[in-house]
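Only one structure is covered here, and it is reproduced in the block below.
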Protein chains: 2
Amino acid sequence: MQSRTPASRTGRPRSAAADTAILAATRDALVELGWSKLTLGDVATRAGVAKTTLYRRWAGKPELVCDAVAELFDELELPDRGSLAADIEGVVLQFAAILARPEAKSGLMAVVAESTRDDALRERIRASIVERQMRLVLEGRARAQSRGELPAEPDPAESARTVDLIFDVVAGAVVHRTLVSGKPADEDWVHSFTRVLLLGLSGSSEQT
Amino acid sequence: MQSRTPASRTGRPRSAAADTAILAATRDALVELGWSKLTLGDVATRAGVAKTTLYRRWAGKPELVCDAVAELFDELELPDRGSLAADIEGVVLQFAAILARPEAKSGLMAVVAESTRDDALRERIRASIVERQMRLVLEGRARAQSRGELPAEPDPAESARTVDLIFDVVAGAVVHRTLVSGKPADEDWVHSFTRVLLLGLSGSSEQT
DNA sequence: AGCTTTCGCTACGACTCGTAGCGTAATGCC
DNA sequence: GGCATTACGCTACGAGTCGTAGCGAAAGCT
């Protein structure tokens with residue numbers, strides 16, 4: 001998770017149980033206190049470890065919360081539901097369900113806000129949270145292209161731009177709906193959103 | 001801006017110059033320090049007012065930053081560019097330009113993150129930031145419908161849902177592109193995004 | 001055994017928070 | 001002009017958090 005220590009094979013190993021306890025305690029604290037009132041001392045107490053242990057593993061609150069929130073997105077999957085529309089609706093509903101949880105609401109936006117002035121944190125978020133979501137987009141798109149539902153794009157650069165666009169639209173819309181508008185991304189909304197997105201993507205690639 | 005004092009016509013009036021100085025100092029501090037290292041004492045010093053004056057007008061850091069960031073969105077306009085596509089591209093580029101500024105990056109997401117546990121703050125954001133953006137969507141949509149570029153929706157409830165959807169897609173995509181993906185929403189991106197959005201909206205209203 | 005690293009614990013200076021108290025300044029009302 | 005009322009600047013304060021240093025004990029490897 002944090003810095004690799006390949007050359008250190010001697011000495012007492014770090015407790016793996018402590019890691020999971022700390023991350024779980026962080027999520028509990030996020031639910032009860034929210035980002036701003038969460039303190040590392042409190043998390044250490046909840047996890048049953050010393051505060052110094054926590055500081056030995058994480059540089060600060062943003063890094064800790066980033067890792068704690070990242071685990072929430074482990075459950076994201078993309079089973080083949082037979083059509084691109086069904087695939088999109090399924091994964092968006094999963095994503096919305098995660099974002100509806102209070103620990104995700106409180107933590108995710110705050111960490112992203114911090115990352116605007118911390119390149120290392122931005123990279124950490126990209127690797128541990130964004131990467132996994134992006135992979136679902138890639139997989140779903142490839143599946144749709146093999147079904148013939150989306151046009152193939154031979155140019156890799158153009159293809160990358162399209163994937164980036166899709167990802168920002170999907171993730172951005174769900175996040176904005178949930179956290180800014182403060183309304184649930186329920187089945188009705190997801191259905192309407194998917195219809196708009198599909199129409200937008202399946203259109204011709206003409207450049208105006 | 002904050003609490004109305006209609007019944008109080010006696011006593012020394014609050015300095016309007018102090019308000020503008022404080023909000024400007026808040027934006028300066030956001031640029032130099034970012035959200036997490038911004039302190040109200042520092043803002044007061046920058047603005048040339050006493051710390052107690054600041055606390056008499058704002059309840060805390062989130063409310064202050066909310067008002068300071070809200071003024072950034074005052075410059076949003078929606079001139080008639082002749083077509084829905086041109087209108088969307090224009091306003092999205094304006095929105096992206098504002099979000100690219102460091103004071104907006106640092107402050108906006110942090111305030112939204114705080115609002116997930118503070119209903120009063122959420123309402124303040126809605127009234128002072130979201131409301132103005134939403135009005136542009138309503139105006140642009142009405143203009144497009146009068147041009148015949150978008151189908152009219154007689155049902156007000158359905159119409160409200162559509163406007164909400166458009167708003168979350170547009171604002172969410174731009175915010176996600178700028179703050180999460182960390183890439184600029186330049187003309188190329190805005191052009192591609194507009195094409196997808198227009199195709200999605202102009203399609204038939206069939207329910208699958 | 002001996003070596004190495006981690007862990008729990010305590011204590012610490014530095015900083016920020018938000019408020020109370022007081023004297024002064026600026027307005028409206030009589 | 002005088003008076004009541006409110007805002008302002010300033011100082012000081014207790015409370016809380018931060019991140020670190022130092023120590024002895026525990027848990028691995030060779």
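Everything quoted here is computed from the prediction, not taken from an experiment. The sequence lines fix the lettering, A, B, ..., with proteins before strands; numbering per chain opens at 1.
- Note on residues 153-181 of chain A: pairs passing ring pair (Phe, Tyr, Trp, His ring centres under 6.0 Å), not counting sequence neighbours, are A:F167-B:H176, A:H176-B:F167.
- A salt bridge is absent between A:D119 and A:R124; no separation between the charged side-chain nitrogens and carboxylate oxygens falls under 4.0 Å.
- For the pair A:W58 CH2 and D:dT20 P, the computed distance is 16 Å after rounding to whole Å.
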With the criterion being N/O to N/O and under 3.5 Å, what pairs connect the protein with nucleotides 22-28 of chain D, and how long is each?
from, atom 1, to, atom 2, distance (Å)
D:dA26, N3, A:R12, NH1, 3.1
D:dA27, O4', A:R12, NE, 3.4

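- A salt bridge links B:R46 with B:E32: the distance from a Lys NZ or Arg NE/NH1/NH2 to an Asp or Glu carboxylate oxygen falls below 4.0 Å.
- Side-chain atoms of B:K51 come within donor-acceptor range of the base of C:dG18, with a qualifying N/O pair under 3.5 Å.
- Atom CD1 in B:I22 sits roughly 8 Å away from atom P in D:dG9 (whole-Å rounding).
- Partner B:D87 forms a salt bridge (charged side-chain N to carboxylate O under 4.0 Å, His left out) with one of B:R141, B:R143, B:R81 and no other, that one being B:R143.
- Closest-nucleotide positions on DNA chain D for A:L38 and B:T53 were compared, and the one nearer the 5' end corresponds to B:T53.
- Here D:dT17 presents its C1' atom at 10 Å from NZ of A:K61, a figure rounded to the nearest Å.
- Salt bridge status for A:K51 with A:D42: absent, with no side-chain N to carboxylate O gap under 4.0 Å.
- Following rounding to the nearest Å, A:L54 (CG) and C:dT6 (P) show an atom-to-atom distance of 15 Å.
- The interatomic distance linking B:L40 (CG) with C:dT19 (P) rounds to 11 Å, in whole Å.
- Of the residues near DNA chain C, A:V49 and B:G41, the one whose nearest nucleotide (by heavy atom distance) lies more toward the 5' end is A:V49.
- Taking 4.0 Å as the cut-off between side-chain N and carboxylate O, A:R195 and A:E89 do not count as a salt-bridged pair.
- Distance CG (B:L33) to P (C:dT16): 10 Å, rounded to an integer number of Å.
- Between B:R14 atom CZ and D:dG9 atom P there is a gap of 12 Å when expressed in whole angstrom units.
- By the 4.0 Å N-to-carboxylate-O rule, B:E131 lies close enough to B:R126 to be salt-bridged with it.
- Here C:dG21 presents its C1' atom at 17 Å from OH of B:Y55, a figure rounded to the nearest Å.
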